[in-house]
Number of protein chains: 2
Amino acid sequence: MPSLASAGTNAPATEATGTASATRSKSGAQSHGARSPRAGAAAHAGIAAHAQTDADASLAGHHASTCQAFACQACTVRGLTICGALEPDDQTLLAGLVQHLSLQPHQSIFQEGDAADYVYTITAGCVAMSKSLADGRRQITGFMGPGDFLGLAVEDENHYSAEALSPTHLCRYPRQRFRAVMQSVPALEQRLYALAADELALAQEQILLLGRKTALERLATFLLMMRRRAQQRGLPTNPLRLSMARADVADYLGLTVETVSRGFSKLRAMGAITLDSAELVRLAKPALLQELSGT
Amino acid sequence: MPSLASAGTNAPATEATGTASATRSKSGAQSHGARSPRAGAAAHAGIAAHAQTDADASLAGHHASTCQAFACQACTVRGLTICGALEPDDQTLLAGLVQHLSLQPHQSIFQEGDAADYVYTITAGCVAMSKSLADGRRQITGFMGPGDFLGLAVEDENHYSAEALSPTHLCRYPRQRFRAVMQSVPALEQRLYALAADELALAQEQILLLGRKTALERLATFLLMMRRRAQQRGLPTNPLRLSMARADVADYLGLTVETVSRGFSKLRAMGAITLDSAELVRLAKPALLQELSGT
DNA sequence: CGGGACTTTGAGCAAATTCAACCATTGTGG
DNA sequence: CCACAATGGTTGAATTTGCTCAAAGTCCCG
């Protein structure tokens, strides 16, 4: 599949790739019928083409460093992300490389197998990392939100795809130059090492969930995790905004959309949660969820 | 469960914890009946007590550095592990900290929730990292073999357990001192960052497997992965030695022992593999396995 | 040779998937 | 402004995969 993606130039703005939920059986991919017979071709349209930078001209080069630096001063996720770990001088160094991007839901950031030319920091929205099998089954390996760093583990090519799930803002850095800064700034290197360690711990948590938890346990775990994330970022938790579709939750939890939906209904019936809308959840009984989570 | 483990002093040399296979249903843990009613209490016996070092006295301190350095010179996994990335001087630095340990199958190295006092390099054998749920269901998050580094992602306490699956030799370093060396030796830091990145990529591969692959696909993927590992280490691949029990394979693949066994039988029936013994597999048709692996 | 641990095989069952229909929300065009 | 199509979510029924429970079969070690 990676090879198929290489020709990616432009695709219709509305493609189904992002929402074609994975299915468990090998024959499942076709069964979703009308949806995107060319799954995998994806919305690989070059980001630059779609990019709507805060200062659009900045994409042409990095002459806009002062302007960018100013934007960084005002950045709302500064404390959460890598910039917070840096001295002012080093921040300027990074600010000289940065490009700002805006993405719509379902827009691809990069695809499994692509050359890893950039690394990213997310300033707003929600991004999914995912891997797929040849027949289209998709597994989301993680969600990232404001403050998260994207591109940690990359070598020369990406081992996973990344896609915006909600309207998203990114800071993008050319990978080679970022790497150079990283090697000259020990604080940055250490910060990234710590981030990698965190991400690894999360991945192991996810492995436990996928390998050993029941559908309901997965869902309860997921909701509690989303709440913790929101708390860490100072986002509202009492209606908790999921920022993703059921299909994405399903692809994250290794389930089908239907099972996820049934799970939500069951949790609602138990009084554990309330739904303002499909995306806005109230965790009425966190203790019950905790118990249901199996952990 | 972490709190239960804290009192760990000595346990019988033969405990069942390591082999009590996880089960999917919440009630499953008890259903295995006679096996280890005190699951979770584990073989937490201090390693030092069981340790049979190559030069036993070394445990008392680190005065044996020259001796250890000599051992390191002869080390068979030097090229694979962190030592290979170091200057001779830095190697001596590490050699001054090292302690050699030998473990029997089922012996615990550390437990989820323990203080992370050491990091390890594996020189021989096979180690499983695992996480468990409250009711005893266990998930193995990864296997490590000769050359692998254990303790990458740790903060002050371990997020997972580690246990020897076959007779195993380890190099152990006090974590704080290792950390100090790490921070003074950029090459080491970068090597560990690279290892963390590799481990993360493996974890994501595992997430895809657990979330979206069928039992047979998991097994095929597993066998190919084990073969790749053996190749990387220059170990024999034609009878490929698994170095672990079916129960461990099951806990790694998110399945039950029975399903794993059926899978092996099915692969055998298809002619994809041959079994010299339960632990010695011949991959008769790697291409078929590749196809079956779903990737 | 005998005992125990591990592995394999079989039969029935249950959780989650598949397939299918229906409902709700949203945006569009008449 | 409302009908209506489209998308996403929910619910139901049948099916399937993998699990549970049970019983043999193997292998290893003393």
Side-chain angles (χ1 to χ4, degrees), chain A residues 14-16 18-36 105-106 137 165 210-219 242 244-251 253-269 275-281, chain B residues 14-16 18-36 105-106 137 165-166 210-219 242-251 253-269 275-281:
Chain A
T14 62
E15 34 58 4
T19 55
S21 174
T23 57
R24 198 169 192 180
S25 77
K26 295 176 68 179
S27 58
Q30 289 88 323
S31 68
H32 276 277
R35 287 191 209 163
S36 175
H106 304 305
R137 281 172 284 172
L165 297 182
L210 292 171
R212 292 303 179 202
K213 290 191 182 179
T214 66
L216 206 63
E217 288 172 335
R218 295 181 199 197
L219 212 39
L242 298 183
M244 69 202 65
R246 291 286 183 271
D248 298 313
V249 178
D251 281 354
L253 298 179
L255 302 169
T256 58
V257 193
E258 293 93 330
T259 303
V260 169
S261 184
R262 282 184 242 276
F264 273 102
S265 299
K266 195 163 193 174
L267 290 177
R268 191 152 42 89
L275 293 177
D276 288 12
S277 73
E279 277 213 349
L280 287 176
V281 193
Chain B
T14 62
E15 34 57 358
T19 55
S21 176
T23 56
R24 196 169 193 182
S25 77
K26 293 176 65 177
S27 58
Q30 290 87 324
S31 69
H32 275 278
R35 289 192 209 162
S36 175
H106 305 305
R137 280 172 285 172
L165 297 182
S166 62
L210 293 171
R212 291 303 180 202
K213 290 192 182 178
T214 65
L216 205 62
E217 288 172 336
R218 294 181 200 197
L219 211 39
L242 298 183
S243 327
M244 69 201 64
R246 292 286 182 271
D248 299 312
V249 178
D251 281 353
L253 298 179
L255 302 169
T256 58
V257 193
E258 293 93 331
T259 303
V260 169
S261 184
R262 280 184 243 276
F264 273 103
S265 299
K266 196 162 193 175
L267 290 176
R268 192 151 43 90
L275 293 177
D276 287 12
S277 74
E279 275 211 353
L280 286 176
V281 193

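A note on names: the letters A, B, ... follow the listed sequences, proteins ahead of strands, and every chain is numbered from 1. None of the values given here were measured: they were computed from a predicted structure.
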Counting only side-chain heavy atoms from C-beta out, which of D:dT20, D:dG18, D:dG9 sits nearest to B:Thr214? D:dG18
Which nucleotide in the set D:dA13, C:dT9, D:dG9 lies at the smallest distance from any side-chain heavy atom of A:Arg262? D:dA13
How would you label the contact of [X] with the nucleic acid (heavy atoms, under 4.0 Å): base, sugar-phosphate, or nothing?
| X | result |
| --- | --- |
| B:Leu275 | sugar-phosphate |
| A:Ser265 | sugar-phosphate |
| A:Gly263 | nothing |

Does the side chain of B:Thr256 get closer than 4.0 angstrom to OP1 or OP2 of D:dG18 through an N or O atom? no
A:Ser261 side chain N/O closer than 4.0 Å to the phosphate oxygens (OP1, OP2) of D:dT10? yes
Taking [atom1] from [X] and [atom2] from [N], how many angstroms apart are they, rounded to a whole number?
| X | N | atom1 | atom2 | answer |
| --- | --- | --- | --- | --- |
| A:Arg246 | D:dT7 | CZ | P | 19 Å |
| B:Arg268 | C:dT7 | CZ | C1' | 11 Å |
| A:Leu255 | D:dT10 | CG | C1' | 16 Å |
| B:Glu217 | D:dT16 | CD | P | 17 Å |

Nearest 0.5 Å please: distance from the OG atom of A:Ser265 over to the CG atom of A:Leu275. 8.0 Å
Write down the atom of A:Arg212, the atom of B:Arg137, and the distance for their closest heavy-atom approach. O-NH1, 2.9 Å
Given that A:Glu258 and A:Leu216 both sit by DNA chain C, which one's nearest nucleotide is further toward the 5' end? A:Leu216
Establish whether the base of C:dC6 is bridged to the side chain of B:Glu279 by a donor-acceptor pair shorter than 3.5 Å. no
For the backbone of A:Val257 and the side chain of A:Arg262, can you confirm whether one donor and one acceptor N or O come within less than 3.5 Å of each other? no
For B:Leu253, does its backbone N or O pair with a side-chain atom of B:Arg218 as donor and acceptor, under 3.5 Å? yes
